[in-house]
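Not measured: the values here are computed from a predicted model. Letters A, B, ... mirror the listed sequences (proteins, then strands); counts begin at 1.
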Amino acid sequence: MVSRLPWSVMNPNAESPAGAPVEDVRRAVVEWYRGSARDLPWRAPQRTPWGVLVSEIMLQQTPVVRVLPVWQRWLQRWPTPSDLAAASPADVVREWGRLGYPRRALRLHAAAQCIRDEHGGRVPRDHAELLALPGIGAYTAAAVAVFAFGQRHTVVDTNIRRVEARLFSGRALPARSLTAAETALADSLLPEDVAGSVAWNQAVMELGALVCMARSPRCGECPVRDSCAWLAAGSPPPEETPRGQAWHGTDRQVRGAIMAVLRSAVDPVPEPLLLTDLTGSEALAQGHGAPPAVVVAELTALWRLPAPPEQRRRALTGLLADGLAAADDAGVSLPG
DNA sequence: CAAACGTGGGA
DNA sequence: TTCCCAAGTTT
């Protein structure tokens with residue numbers, strides 16, 4: 001068992017690639033955190049597990065500055081999971097505003113109902129139970145267990161992956177997908193004591209967000225720059241650049257336009273009106289040319305999760321062929 | 001495992 | 001203007 005663990009666990013006095021003992025690196029990062037951490041509301045002493053959970057969902061692929069105001073309003077309107085569970089999907093999506101990936105709002109809503117119905121209205125503390133909630137994956141389950149409940153779990157997010165890739169592997173950026181080696185490294189770095197592990201998780205993540213950034217890292221401000229394998233190697237460029245996300249001319253773009261129209265609506269939106277509004281949008285001027293991308297499955301499922309890919313593809317094909325007329329039998333409305 | 005999924009600000 | 005990227009999850 002122990003013999004199979006990574007070097008740093010086998011030998012606490014082991015050194016990082018650039019020479020500093022792992023213990024020193026951990027202490028330096030945590031110390032830096034104490035003096036440089038942002039004062040975020042979901043870290044405040046009066047935070048609640050529910051507030052932490054909401055923040056983690058909102059922060060997925062979304063900058064802190066944009067989450068802040070939405071999080072405040074959200075917690076004020078729905079202070080507990082049961083409060084959100086009782087809301088209508090339409091209200092939930094509207095309150096989500098323009099955070100993006102609105103399906104997160106719907107999944108959070110579903111998670112709230114699950115918490116109300118199966119966990120007595122309390123956010124579960126157990127990692128496995130958190131993982132079972134809609135919209136909560138490996139990262140978020142660990143994050144809530146750690147940041148809301150103070151447990152010892154290895155948190156691995158994009159910041160932590162990047163910091164550890166640079167510090168210990170000498171690479172500018174981690175691989176596209178999480179590797180077993182990365183997980184093993186992160187596990188091996190986690191302090192044994194609970195309090196120390198929580199602090200380490202939080203500190204490394206913050207370091208990645210404020211100093212060891214993806215674009216222009218501020219190595220001059222880094223508390224462990226002298227131990228960084230990447231810096232020592234001359235800060236070599238990334239080996240493979242990440243793929244961009246398709247947007248123009250895709251139904252994803254049209255989905256965004258649809259969301260914009262429906263978000264601003266107070267009453268149900270008749271489809272003809274929706275199409276009229278969309279006609280003037282940039283989305284339809286790109287790619288398709290007609291209002292086509294108003295995919296049937298998207299129309300009927302706007303406030304739910306997307307329909308199966310095959311169904312969407314078929315619907316899109318049909319609309320492209322028949323144009324506006326074909327969309328007539330697809331109703332658009334806001335539930336509740 | 002790759003692709004899909006929203007949005008907006010900075011380089 | 002175009003491209004990159006931000007505390008990921010799901011299929």
query = Can you tell me how far CD of A:E206 sits from CG of A:N201, rounded to the nearest 0.5 angstrom?
reply =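 Atom-to-atom, A:N201:CG and A:E206:CD are 13.0 Å apart.
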ask   = For the atom pair CH2 (A:W50) and CD1 (A:I115), what is the distance rounded to the nearest 0.5 Å?
value = 5.5 Å
Starting from [atom2] on [N], measure out to [atom1] on [X] and report it in whole angstrom.
{"X": "A:Q61", "N": "C:dT10", "atom1": "CD", "atom2": "P", "value": "13 Å"}
{"X": "A:L130", "N": "C:dG8", "atom1": "CG", "atom2": "P", "value": "17 Å"}
{"X": "A:R107", "N": "C:dG8", "atom1": "CZ", "atom2": "C1'", "value": "10 Å"}
{"X": "A:W96", "N": "B:dC5", "atom1": "CH2", "atom2": "P", "value": "17 Å"}
{"X": "A:Y101", "N": "C:dG8", "atom1": "OH", "atom2": "P", "value": "10 Å"}
{"X": "A:L59", "N": "C:dT9", "atom1": "CG", "atom2": "P", "value": "12 Å"}
{"X": "A:R103", "N": "B:dC5", "atom1": "CZ", "atom2": "P", "value": "7 Å"}
{"X": "A:Q245", "N": "C:dA6", "atom1": "CD", "atom2": "P", "value": "11 Å"}

Using a heavy-atom cut-off of under 4.0 Å over every strand shown, decide if [X] touches base, sugar-phosphate, or nothing.
{"X": "A:R162", "value": "sugar-phosphate"}
{"X": "A:A214", "value": "sugar-phosphate"}
{"X": "A:S216", "value": "nothing"}
{"X": "A:R215", "value": "base"}

ask   = Does A:Q60 have a side-chain nitrogen or oxygen under 4.0 Å from the phosphate oxygens OP1 or OP2 of C:dA7?
value =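 Answer is no, no contact under 4.0 Å.
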ask   = If only side-chain N and O atoms of A:S55 are considered, is one of them under 4.0 Å from the OP1 or OP2 phosphate oxygen of C:dA7?
value =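 For A:S55, the contact criterion (side-chain N or O under 4.0 Å from OP1 or OP2 of C:dA7) is not met.
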message = Check this for me: does the side-chain of A:R66 come within 3.5 Å of the base of B:dT7 through a donor and an acceptor?
response =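 Donor-acceptor pair under 3.5 Å: yes.
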message = Using atom C1' in both nucleotides, what's the gap between B:dC1 and C:dT10 to the nearest angstrom?
response = 13 Å
request  = For C:dA7 and B:dA4, measure between their P atoms and round to the nearest Å.
outcome  = 23 Å
query = If you find the nucleotide of DNA chain B closest to A:L178 and the one closest to A:R98, which residue's nucleotide is nearer the 5' end?
reply =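 Closer to the 5' end of DNA chain B: A:L178.
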request  = Specify the residue among A:L40 and A:I136 whose closest nucleotide of DNA chain C lies further upstream toward the 5′ end.
outcome  = A:L40
query = A:G135 or A:M213: which one's nearest nucleotide on DNA chain C is closer to the 5' end?
reply =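 First, find each residue's nearest nucleotide; the 5'-ward one identifies A:M213.
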task = Could you tell me whether the side chains of A:Q60 and A:Y139 share a donor-acceptor contact shorter than 3.5 Å?
result =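 Checked: A:Q60/A:Y139 side chains show no N/O donor-acceptor pair below 3.5 Å.
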inquiry  = When you measure from the side chain of A:R43 to the backbone of A:R38, do you find a donor-acceptor pair of N or O atoms at a distance under 3.5 Å?
reply    =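 Looks like yes, one N/O pair under 3.5 Å.
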ask   = Quick one: are A:P223 and A:L207 in side-chain contact, heavy atoms under 4.5 Å?
value =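 Heavy-atom side-chain distance check passes, below 4.5 Å.
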